[in-house]
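Residue numbering restarts at 1 for every chain, and letters A, B, ... go by the order of the sequence lines.
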Amino acid sequence: MSHFEAIVRAHEEGKGRVPRFIESGRVAAIVVNCNKVIKAQTVPGIQVSVDPLPDGVRILAAVAPGAKIKEPVHICIGVMAPEGIQRIQAQFEIGAGAEVDFTACCSFPNAEHVQHFMEGTIHVGPGATMRYHETHHHGRKGGIDVVPTSHITVDEGGRYISDFNLSKGRAGKVELTYLVDVAANGLAELHARGMGYGDDQLIVHETIRLNGENARGLAKARIAVRDRAHSEVYGTTEGNAPFARGHVDCVEIVQDEATASAVPVVKVTDHRAQVTHEASIGTVDKRELETLMAHRIGEQEAVDIIVRGMLGE
Amino acid sequence: MGITNAHLLNIIDLHVCRDGAEILNGVNLAITRGSIHALLGLNGSGKSTLAYTLMGSAGYTPQRGEIWFDGENITHLSLYERALRGITLAWQEPARFEGLTVERYLGFGLPQPDPKRVLTALEAVALTPETYLRRYADESLSGGERKRVELASIFCLRPRLAILDEPDSGIDALSLSDISQLIHRMAEEGTTVLLISHRDEVVALADHASLLCGGQIVATGEPERICRRYAGALQKSKAGPKQAVGVQP
């Protein structure tokens, strides 16, 4: 059971219990079921507000310049009901020199006909660092569409690192779209990991525009699909300034009747920039598989170990 | 060649083709139980092909011949079935595993968790457990580090037959003694080792050695003698491929 489910259930049962790490008040936290705000608490250095919308919420999170938020900010969002639409409008403002981690837990444990839309705007100020770890917990029925779209702006010397992980339950239909603009000496890393079964669809669009001198970018995707699932990964990196360095890295493992495609795009508009890409699609690497089997691990277990390792589980 | 109980592995008239070319052209070789047997040969002589064929790697099915292991004909067994019988292989270029820690990797194949064995194995290849247990067996390890982790994992397994394909390649001269000691230790524990190597220091560990040339074993005997023969073959191959050592009685 995810944190989100535990909190919602406790709330519905009138016990009002939340996990101790949130209850302690030492962490900033947001808990939203559909458009119902269950918890919104803050800590010094960060302002959090959550406003209900007819079918979702609007979230504003602002970290004060120079603030170093010790504990990750917890965002637990989801839909407990089997049906529903949830729209999240999120705005993150990370002040100059600030440092903050967000841990987002998105749960749709009972989804049969659920749609989850997220529109995010993120601004990472000069010299600031924002890390955003998003883990999805889906049910076994796959009746869910997850469509997050984010535009991230990283100012000079800022760092934005995100990690999207979908490995619990059926993916359903997931379409991620991230666009990052990186200024001089800034850094953006986008990691997307997911697994699809049945007729799941995973579509990832990751675009990093390295607009400032010495900007760095990495768009990395690790997807595994089996049964009749399908994945598409579009990773684009642009080197638009002197000495910008970017890399697109995509691995998709395909089993059974599943299908996959990868479209890495590298573009340079300044001759001193350099962007590279690598993509591999196919079944599990033969050498990896045989190495594990030579360690007395059966074929199916070896495949699972390789896939789960790739997905960071 | 007769199959005797003294030999853990018997290879009889083994022929293997790859991409239409015959790489192994009637290999006959017997490996004594509990011994370290070195296999030398020029590049392209078929050493790695023999290693993969013995392990049962996909695409390395013999066209002719037999492989007997501990009195059982294993020619048609799968790689996994051979592994279960105690055969393992350290590839020349070990695979990299994303998201798999060295600690977990070394624990694979053990009948039950044995942290002490894992620590001993890492120390035996001169890798500090505090540093390496939590590292990933992926691209972040250098070639030499990955190689040592692979050897440690083979040591952990306590295989009956360890096929080590150039375990010393990518290993600096200073670390060579660690590798040699580990191989010696494996043999002391009862593992029979088929060692593919060119380095005199490593081949010197062996009890017996064989020279593979043109897909055939052309000589078997004392490691020192086989090393000299190999050196001669190497010199001739540099002079011209036609002069390289051929099949001799």
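Around the CD atom of B:E93, the shell of radius 6.0 Å holds no more than 12 heavy atoms that belong to other residues, nucleotides or ligands. In this structure, A:R140 places its CZ atom where only 12 or fewer heavy-atom neighbours from other residues, nucleotides or ligands lie under 6.0 Å away. The environment of A:E278 atom CD is dense: over 12 non-hydrogen atoms of other residues, nucleotides or ligands sit within 6.0 angstrom. Atom NZ of A:K68 has more than 12 heavy atoms from other residues, nucleotides or ligands within 6.0 Å. The 12-atom threshold is not exceeded at CD of A:E299, counting heavy atoms of other residues, nucleotides or ligands nearer than 6.0 Å. Heavy atoms of other residues, nucleotides or ligands lying less than 6.0 angstrom from CZ of A:R272 number more than 12.
Of the listed residues (A:V251, A:I305, A:D285), the one with the most heavy-atom contacts under 4.5 Å to chain B is A:I305.
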Determine whether B:L89 and A:E290 satisfy the following criterion, side-chain contact (heavy atoms from CB on, under 4.5 Å), listing intermediate values before the conclusion. CA-CA 10 Å; B:L89 166 66; A:E290 290 195 341; over 6 Å; no
Would you please test B:F108 and A:T291 for side-chain contact (heavy atoms from CB on, under 4.5 Å) and show each step? CA-CA 11 Å; B:F108 285 146; A:T291 300; over 6 Å; no
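Interatomic distance, A:E288 CD to B:W91 CH2, rounded to the nearest 0.5 Å: 11.5 Å. Interatomic distance, A:M293 CE to B:S78 OG, rounded to the nearest 0.5 Å: 6.0 Å.
At distances below 3.5 Å, not a single donor-acceptor pair connects side-chain atoms of B:T88 with backbone N or O atoms of A:H295. Between the A:R296 side chain and the B:P111 main chain, no donor and acceptor come within less than 3.5 Å of each other. Remark: the backbone N or O of B:E98 is not paired with any side-chain donor or acceptor of A:R222 at under 3.5 angstrom.
In terms of heavy atoms, B:A58 sits closest to A:K286 at O-NZ, 3.0 Å. When every heavy atom of B:Y80 is checked against every heavy atom of A:G298, the shortest pair comes out as CE1-N, 3.5 Å.
At a 4.5 Å heavy-atom cutoff, the contact between B:I87 and chain A is made by backbone atoms alone. For B:E81, no part lies under 4.5 angstrom from a heavy atom of chain A. Of the atoms belonging to B:R82, not a single heavy atom falls under 4.5 Å from chain A.
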